[in-house]
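First comes the structure, then the notes that go with it.
Remember, it's 1-based here, ligands and their atoms both numbered in the order they're listed.
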Amino acid sequence: MTTLRLVLGDQLSPDLSALSDLDAARDVVLLAEVEAEATYAPHHRKKIAFVFAAMRHFAAELRERGVTVDYVTLDDPHNSHSLGGEVARAAKRHKARRVVLTEPGEWRLWHEFGRWHEELGLQVEMRADTRFLCGRAEFADWADGRKTLRMEHFYRRMRKRSGLLMRDDGKPEGGRWNFDAENRKRLAEDVELPDRPRFAPDATTRAVLALVGERFGDAFGELEPFDLAVTRSDAEAAFDAFVADALPRFGDYQDAMKAGEPYLFHAAVSTYLNAGLLDAGALCRRAEAEYRAGRAPLNAVEGFVRQILGWREFVRGVYWLQMPEYSRRNALSATRPLPDFYWTGETRMRCIAETVRDIRRNAYAHHIQRLMVTGNFALLAGLDPDEVCDWYLGVFSDAYEWVELPNTRGMALFADGGVLASKPYAASGAYIDRMSDYCRDCAYDVKAKTGKTACPFNYLYWNFLIENRPALDRNPRLAMPYRVLDSMSARQRETIAADARRFLCSTEMRGDAVAASGTG
Ligand code: FAD
Ligand code: DLZ
Ligand code: SF4
């Protein structure tokens, strides 16, 4: 009997659990481009094109290995445009009664697939996603009985379990678990930045670009130039280039930002990793090998390993532990609509304008831009977490809910009330000024605390602490800023609140800011 093996657009790994016991003589692998997946979030056009192009190349690689692949393109006139519809159609075509798949990365599909047995009359076998370094059950065991879940504790356990960057005596390499404090250098003018590899689209990718250009003409983001890797071998080449040219200084400049330079010393591998073109364990082992060979310093390699072995696995664990309730959390009762400038970049706040411009072009921004620019503003301005999460899920080519949601709702917005982070990542303009060159040419004055020309991050920061006092002032990590707030005069606090009100009701927030001439 034929078994159908469904592979989703972010499951493009040859060692996927759904393919592990594939019988090439009898089984059929199904991949389907469907509108439901291309439109459930406001996806960037580059993201849609990347997923489709990578799916088509993966299908070709499977066929080269002698596997029967049934590939449904978006423009197939019979396409039902949902995954369930395509599984049902393919089951009929191939007279299959059984479908094997790897658990999806998002709760909404996991929930839907759970109903397929009844709804489609098929035997459904959903297997664990073994591409992650910590299984869902293992994470749940670790979390069980803990009052708080902290990445640092989880990370140490993962270091011990994997042996990565560990010494023979069971101690961490370099005598410390974490070199975070050495990852905060500002980028000096004369630091030379590495080139990023670019991959010219082949005929398959060009066909996808034409299709996406035609079908998603109104979607967000620039489709071309398109230079992402869409095969495993090109993604590996991209990672090789990172290791050779950027890894040694990854640690030093992890938190730095520079106008017009979206990648700096970052790996830009999350899009490939999350789609299955790269393997998390292999990336960590390779980075470790660079340290052992003396080609990259420990602060860089530990920082890189921590992001993947620590943060990436941790946020996935939290996601599955807390869903679906997590997606409704709004601990700070934030309700303000997302301003238009998140889409257009049309704001006088240069840090946001530059970050949105990077995202429109590349479907990418690095962590500090996501957390301390667009995320920090959303937190300080009290933007509605649902709208903010929708934006983050759409605009980045690496975004899937398992990783986007905890990072946005938890880390950036503190809407989970502190499950993921022990305090809100709230910061005034001084932080952005310290870590970037954005403020230099900004219409606002980062040194001014209040008044029409003052940097909005400055008064919004204090206003955030004032407005959220009942929820936050018992947090020991906020004791210092609350002491400073309390040392201000009542008049100062009133001025802050008035400036915040003025800005949050201004034309700038409504989206017609740049057309307007004054300061809103
Ligand atoms: P590098 O800085 O080079 O780091 C290497 C790798 O570490 C990344 O490729 C990624 O796989 C992993 N990593 C680093 N930080 C995190 C993190 N906090 N969580 C999970 N993995 C991490 N990452 C996504 O992959 N998809 C998302 O949708 C996503 N949404 C985010 C939303 C917000 C609000 C924030 C603050 C962060 C988000 N991140 C997300 C995490 C992080 O910003 C990206 O993984 C990173 O910017 C990807 O670029 P890079 O490959 O150059 O990363
Ligand atoms: C992101 C995406 C897009 C744009 N399109 C498809 C698609 O047409 N077919 C498919 O199988 N997967 C697609 N994906 C990836 C899925 O959205 C992803 O598998 C789920 O969100 C689970 O992580
Ligand atoms: Fe952003 Fe304020 Fe700096 Fe302008 S002055 S770039 S708004 S932090």
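- For ligand 2, the polar-atom distance check finds no N/O of Leu8 at less than 3.5 Å from any of the ligand's N/O atoms.
- Using a 4.5 Å heavy-atom threshold, the side chains of Glu106 and Leu393 count as touching.
- Aromatic ring centres of Phe304 and Phe250 lie closer together than 6.0 Å.
- Atoms of ligand 3 lying under 4.0 Å from at least one heavy atom of Tyr438, given by number and element, are 6 (S).
- Side-chain N or O atoms of Asn330 include none that pairs as donor or acceptor with a backbone N or O of Ala415 at under 3.5 Å.
- Here the heavy atom of the protein found nearest to atom 5 (C) of ligand 1 is Phe304 CE1, 3.7 Å.
- Protein heavy atom nearest atom 35 (C) of ligand 1, with residue, atom name and distance: Asn407 CB, 3.7 Å.
- Side-chain contact, Thr271 with Asp398: no donor N or O sits under 3.5 Å from an acceptor N or O.
- Inclusion of Cys439 in the first shell of atom 4 (Fe) of ligand 3 is not supported: no N, O or S atom falls under 2.8 Å.
- Distances from ligand 1 to the non-hydrogen atoms of Ala268 include at least one value under 4.0 Å.
- If you check each of Arg312, Gln307, His367 against atom 47 (O) of ligand 1, the one with the closest non-hydrogen atom is His367.
- Among protein heavy atoms, the minimum distance from atom 2 (Fe) of ligand 3 is reached at Cys455 SG, 2.3 Å.
- Interface of Tyr444 with ligand 3, defined as ligand atoms under 4.0 Å from a residue heavy atom, comprises 5 (S).
- Residue contact annotation: Ala365 has a non-hydrogen atom under 4.0 Å from ligand 1.
- Within the 4.5 Å cutoff, side-chain heavy atoms of Trp177 are placed close to those of Glu152.
- Any N or O atom pair closer than 3.5 Å counts here, and Trp402 shares no such pair with ligand 2.
- Shortest contact from atom 3 (O) of ligand 1 to any protein heavy atom: Ala267 N, 2.8 Å.
- Nearest protein heavy-atom contact of atom 1 (Fe) of ligand 3 is Cys351 SG, 2.4 Å.
- In this structure, Phe52 has a heavy atom closer than 4.0 Å to ligand 2.
- Here atom 2 (O) of ligand 1 lies nearest to His266 when heavy atoms of Gln254, His266, Arg409 are compared.
- Annotation: atom 46 (C) of ligand 1 to nearest protein heavy atom, Arg370 NH2, 4.2 Å.
- The protein heavy atom nearest to atom 34 (C) of ligand 1 is Tyr392 CE2, 3.4 Å.
- Residues His57 and Thr205 meet the side-chain proximity criterion, which asks for heavy atoms closer than 4.5 Å.
- The closest approach between Phe265 and ligand 1 stays at or above 4.0 Å for every heavy atom of the residue.
- Looking at Leu109 against ligand 2, only its side chain comes within 4.0 Å, counting heavy atoms.
- The protein heavy atom nearest to atom 24 (C) of ligand 1 is Val403 CG2, 3.4 Å.
- In Phe242, neither the side chain nor the backbone holds a heavy atom less than 4.0 Å from any atom of ligand 1.
- Ranking protein heavy atoms by distance to atom 6 (C) of ligand 1, first place goes to Ile308 CG1, 3.7 Å.
- For Arg108, a nitrogen or oxygen atom sits less than 3.5 Å from a nitrogen or oxygen atom of ligand 2, counting backbone and side chain alike.
- Ranking protein heavy atoms by distance to atom 4 (Fe) of ligand 3, first place goes to Cys442 SG, 2.3 Å.
- At least one side-chain heavy atom of Leu264 sits less than 4.5 Å from a side-chain heavy atom of His366.
- Counting heavy atoms closer than 4.0 Å to ligand 1, residue His366 contributes backbone atoms (N, CA, C, O) but none from C-beta onward.
- Considering both main-chain and side-chain atoms, His43 never comes within under 3.5 Å of ligand 2 through any nitrogen or oxygen pair.
- Cation-pi geometry between Arg136 and Trp110 is met: the NZ or CZ atom falls under 6.0 Å from the ring centre, inside 45° of the normal.
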Walk me through it: do Arg348 and Cys442 pass the test side-chain contact (heavy atoms from CB on, under 4.5 Å)?
-> CA-CA 7 Å; Arg348 282 187 301 269; Cys442 182; over 6 Å; no
May I have the step-by-step check of ring pair (Phe, Tyr, Trp, His ring centres under 6.0 Å) for Phe139 and Phe154, ending in yes or no?
-> CA-CA 9 Å; Phe139 189 88; Phe154 170 77; 5.2 Å; yes
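- Contact atoms of ligand 3 toward Met349: 7 (S) (distance under 4.0 Å to a heavy atom of the residue).
- Proximity of Tyr155 to Phe314: side-chain heavy atoms (C-beta onward) are nowhere separated by under 4.5 Å.
- Considering both main-chain and side-chain atoms, Tyr364 comes within under 3.5 Å of ligand 1 through a nitrogen or oxygen pair.
- An N or O contact shorter than 3.5 Å is missing between Leu83 and ligand 2 by distance.
- Distances from atom 9 (O) of ligand 1 to the heavy atoms of Ser270, Ala412, Ala280 put Ser270 nearest.
- Contacts between Met411 and ligand 1 below 4.0 angstrom, taking non-hydrogen atoms only, involve the side chain exclusively.
- Within ligand 3, counting atoms from 1 as listed, the ones closer than 4.0 Å to a heavy atom of Val446 are 5 (S).
- Each of the atoms 8 (S) of ligand 3 lies under 4.0 Å from some heavy atom of Ile432.
- Taking the side chain as every heavy atom from C-beta outward, Thr450 and Trp462 never approach each other to under 4.5 Å.
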